[in-house]
There are 4 protein chains.
Amino acid sequence: MTHVGEIALRQRRLVAKTPTLPQAATPPGTRGAILQAGLTLFAEQGFHGSSIRQLAAAVGITTATLYAHYPSKDDVLTELIRIGHEEIWQRLSAAVADVADPTARLRALVGAHVHLHIDHALLAVVVNNELHALHPDQAESALTLRNKCFQLLADTISDGVANRDFDIVDPELAAIAIASMNMRVANWYDPRLSYTPDQLATRYAEYALDIVRARRPI
Amino acid sequence: MTHVGEIALRQRRLVAKTPTLPQAATPPGTRGAILQAGLTLFAEQGFHGSSIRQLAAAVGITTATLYAHYPSKDDVLTELIRIGHEEIWQRLSAAVADVADPTARLRALVGAHVHLHIDHALLAVVVNNELHALHPDQAESALTLRNKCFQLLADTISDGVANRDFDIVDPELAAIAIASMNMRVANWYDPRLSYTPDQLATRYAEYALDIVRARRPI
Amino acid sequence: MTHVGEIALRQRRLVAKTPTLPQAATPPGTRGAILQAGLTLFAEQGFHGSSIRQLAAAVGITTATLYAHYPSKDDVLTELIRIGHEEIWQRLSAAVADVADPTARLRALVGAHVHLHIDHALLAVVVNNELHALHPDQAESALTLRNKCFQLLADTISDGVANRDFDIVDPELAAIAIASMNMRVANWYDPRLSYTPDQLATRYAEYALDIVRARRPI
Amino acid sequence: MTHVGEIALRQRRLVAKTPTLPQAATPPGTRGAILQAGLTLFAEQGFHGSSIRQLAAAVGITTATLYAHYPSKDDVLTELIRIGHEEIWQRLSAAVADVADPTARLRALVGAHVHLHIDHALLAVVVNNELHALHPDQAESALTLRNKCFQLLADTISDGVANRDFDIVDPELAAIAIASMNMRVANWYDPRLSYTPDQLATRYAEYALDIVRARRPI
DNA sequence: AATGAATGAGCTTTCATTCAT
DNA sequence: CATGAATGAAAGCTCATTCAT
């Protein structure tokens, strides 16, 4: 039976292969095809490791045609990163929209976070590994969303601490640890594994709760 | 006061700047200088985002001179990744060399893992982000070590489960979650933060124990 | 007060900005607009320094639309150069149509030549600087007109010499010197200067007469 | 017999073909060869009409090798224009270094100016036609020299007017007219013509004196 | 009359690498 | 040990032009 240990330790950046862009955010026609191809290439090889000739070939067009749709290679990445951040922000904020209880909120956030990293593994890898390739002003709005996502998580934990539901010294540190766990799911999750996305999301939510709920000294 | 939330969410790949190679593994003279410069560049910009001109300029030599020391750009990365993996394997195996008790072993492993990602943040970032840029045969020995490291962690958790010290359904999943937490420390840790490396290592070890020790249904 | 010295020495090819095409020769509608925009661009940046994208953008149409009006970029230049040469030939021949006396003819020719280089400065700059960019057969008829213009001037001087009104060894050399003076007016004339076009034309005519009338040894 | 009228009216930008750079200013080896080739191409076809592939082919090297010697195509032009302006400034200032009398100075200036446009016809054509292709800061020092050259001429005429040797209303206008005559020599002079450079220079000097010496009303 | 989409060919520039010295 | 000069290949991008609509 396929198990995590075999899969998590490959040379490839990620196991997933299908470039699933959020459908609503995918432009129609050639523009969309470029985005999908860029997603695949940038996820696998990185932005600087992918050439626009590869990109054009993957789409089945000329490099000149690329430039009829995007003004530069940078802009393809910028667009992907924008879409990625908007998707995550939308999912996380939707997940807790009607949830007040910190424990339930944390469960919802971690669940949504994990699902996102499975549903859009390539996009998550691009977002997490290629942000540095953008010019600062291209990255700005993405960083803003990233911050809001992190605050959602950190505030939830803080609320739980205030509540006495949670007991943890540094909520932000716990938030970062939990987010770190979730983020790497994009790199290793493989549908051939013995748990479904739901099961994985549930377990990770329990891990998160284990961390924040602990009663311990220090 | 500087806190994690401010720091974890930058565009840069990592906060650390000093290219600290394990001293024993650093060659003397120009060879070592090339390695240090490669470490800095590859950590910041990625392998494909760094040119050998930049590398030579950072060292203060000609690109032609580079080739008197390393046969190719690839080989500089290969060497860095080799050093990185040997360092981590050495540290992890040393950490548990004399420790039998699963709880103590897990504490030691997480502690060593966190310390490594702080002490050699750039190296860790290169190792974790640039492995895909190598030719498969150049990556092979690194992957072997990486596997052994993971098994050390997974086996420790399995032992604890066998022991009834830990209670967790899927030890490998817990191992991967814990390793994920630790790995990202390289990206965000900043000495200006309010905890020392020791304190952070201790907290992360507790997080790990929270995860594996939990008694819960599901 | 603005004076020539300040103005004549700029980096730009010419001071004038308004693309005044001879009205009779300007086609109506989009065709005319393309010609005007081409005039401005080719005068400022040269034919090879201007792209059809710039041209289309200046007109406010698509590059594809350009091709509904002109079969190629070359043809826009060819048309401008044709118009320019026809304008100059028409003006020069009209200027001397009813004038017999060599002195009066020379005054008329220089006056018309100077006025042309002021009235249609951009066109003159294109005509004088971009002819080489045409294919030889596209340039042929323009060269014929140019020759006729030059012969008008050279013959006028020759007539004056035959007449003993002028006294100059090489009428063609004088013609070339005089034409050279006039041609560069297109590059530097600026309405802010302290002389009107008429005054400038008059002075240049006197310069020309000074040159050809001189009684001197050698 | 070849005469001016036949020659002055060609499609080509200039008749001269040999790329004579001022020897002292020509770098040795490949750098110099690139400069010579650039001179020929830019004079004939303009900066934007010449590709670096043509340039490299003319030198007999790869385009990549070009960039070992000049950082960009722009810089080749900048260097040519710098050399051209320094040569002209040096020649003009040397020509009048020991000459006090305005008439003699004007003769010397025009003579030097004409000789320059014959000796370095290609360079003069590049300098006079391609300045606009530079970025403003690249053109700045050339413009300064150009200004100094013009002032030398204008001041000489002004001195002659103050002296009562010359009698002209606007010395700067006369200066511009005279300079215009001289500049175009680069375009049409051909050694096959019936006058030597010396003879041409002498005649043009007389033309200049005719213009400024005239006693006339207006 | 005008356009959106496409293209082959070309652009300037940079890449990693080699080699005689 | 180091370099200056060179290179083939490829990079990102723009060129003038076409064509179905």
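Please read all numbers here as calculations on a predicted model, not as lab measurements. Proteins come first, then strands; the chains are lettered A, B, ... in the order of their sequence lines, and each starts at number 1.
Atoms CG (D:Leu77) and C1' (E:dT12) sit 15 Å apart, rounded to a whole Å. The separation between C:Ile61 atom CD1 and F:dT17 atom P is 14 Å, rounded to whole Å. Rounded to an integer number of Å, the gap from CD1 of D:Ile34 to P of E:dT13 is 13 Å. As rounded to whole Å, 15 Å separates atom C1' of E:dT13 from atom NZ of A:Lys73. Here F:dG12 presents its C1' atom at 17 Å from NE2 of B:His48, a figure rounded to the nearest Å. Remark: P of F:dG8 and CD1 of D:Ile52 are 14 Å apart, rounded to the nearest angstrom. Taking atom CG of C:Asp75 as the reference point, atom P of F:dA16 lies 14 Å away to the nearest angstrom. The separation between C:Leu55 atom CG and F:dA16 atom P is 9 Å, rounded to whole Å.
Checking F:dT7, F:dC13, E:dA1 against every side-chain atom of C:His69, the shortest atom distance belongs to E:dA1. Residue C:Arg53 has its side chain nearest to F:dT14 when only E:dT17, F:dT14, E:dT13 are considered.
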From CA spacing to verdict: side-chain contact (heavy atoms from CB on, under 4.5 Å), B:Leu21, B:Leu80
CA-CA 9 Å; B:Leu21 273 176; B:Leu80 286 170; 3.9 Å; yes

Go through it in stages, so that I can follow the logic: the residues are A:His132 and B:Glu44, the test is side-chain contact (heavy atoms from CB on, under 4.5 Å), and I'd like the CA-CA distance, side-chain angles, deciding distance and then a yes or no.
CA-CA 8 Å; A:His132 75 280; B:Glu44 285 280 349; over 6 Å; no

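Within 4.0 Å of B:Ala64, counting heavy atoms only, lies at least one base atom of the nucleic acid. Across all strands shown, D:Ser72 has heavy atoms under 4.0 Å from sugar-phosphate atoms exclusively, and none from any base. Nucleic acid contact class of A:Thr63 (heavy atoms, under 4.0 Å, all strands): base. Note on D:Leu66: nothing from the nucleic acid sits closer than 4.0 angstrom, heavy atoms only.
Summarising the base pairing, F:dA16 is matched to E:dT7 through a Watson-Crick or G-U wobble pair whose two defining distances lie under 3.5 Å. The nucleotide E:dA1 finds no pairing partner, because no Watson-Crick or G-U wobble arrangement with both distances shorter than 3.5 Å includes it. Checking F:dA2 for Watson-Crick or G-U wobble geometry (two distances, each under 3.5 Å) identifies E:dT21 as its partner.
A donor-acceptor pair shorter than 3.5 Å can be found between the side chains of A:Ser72 and A:Asp75.
Comparing B:Thr30 and C:Thr65 by the nucleotide of DNA chain F whose heavy atom lies nearest to each, the residue mapping closer to the 5' end is B:Thr30. Along DNA chain F, the nucleotide nearest C:Tyr67 and the nucleotide nearest A:Ser51 are compared for position; the residue whose nucleotide lies closer to the 5' end is A:Ser51.
OP1 or OP2 of F:dT3 has at least one side-chain nitrogen or oxygen of B:Thr62 nearer than 4.0 Å.
Without hydrogens or angle criteria, C:Gln54 side chain to C:Ser51 main chain gives a donor-acceptor distance under 3.5 Å.
Of the listed residues (A:Asp74, A:Leu131, A:Ile81), just one forms a side-chain contact (heavy atoms from CB on, under 4.5 Å) with A:Gln138, and that residue is A:Asp74.
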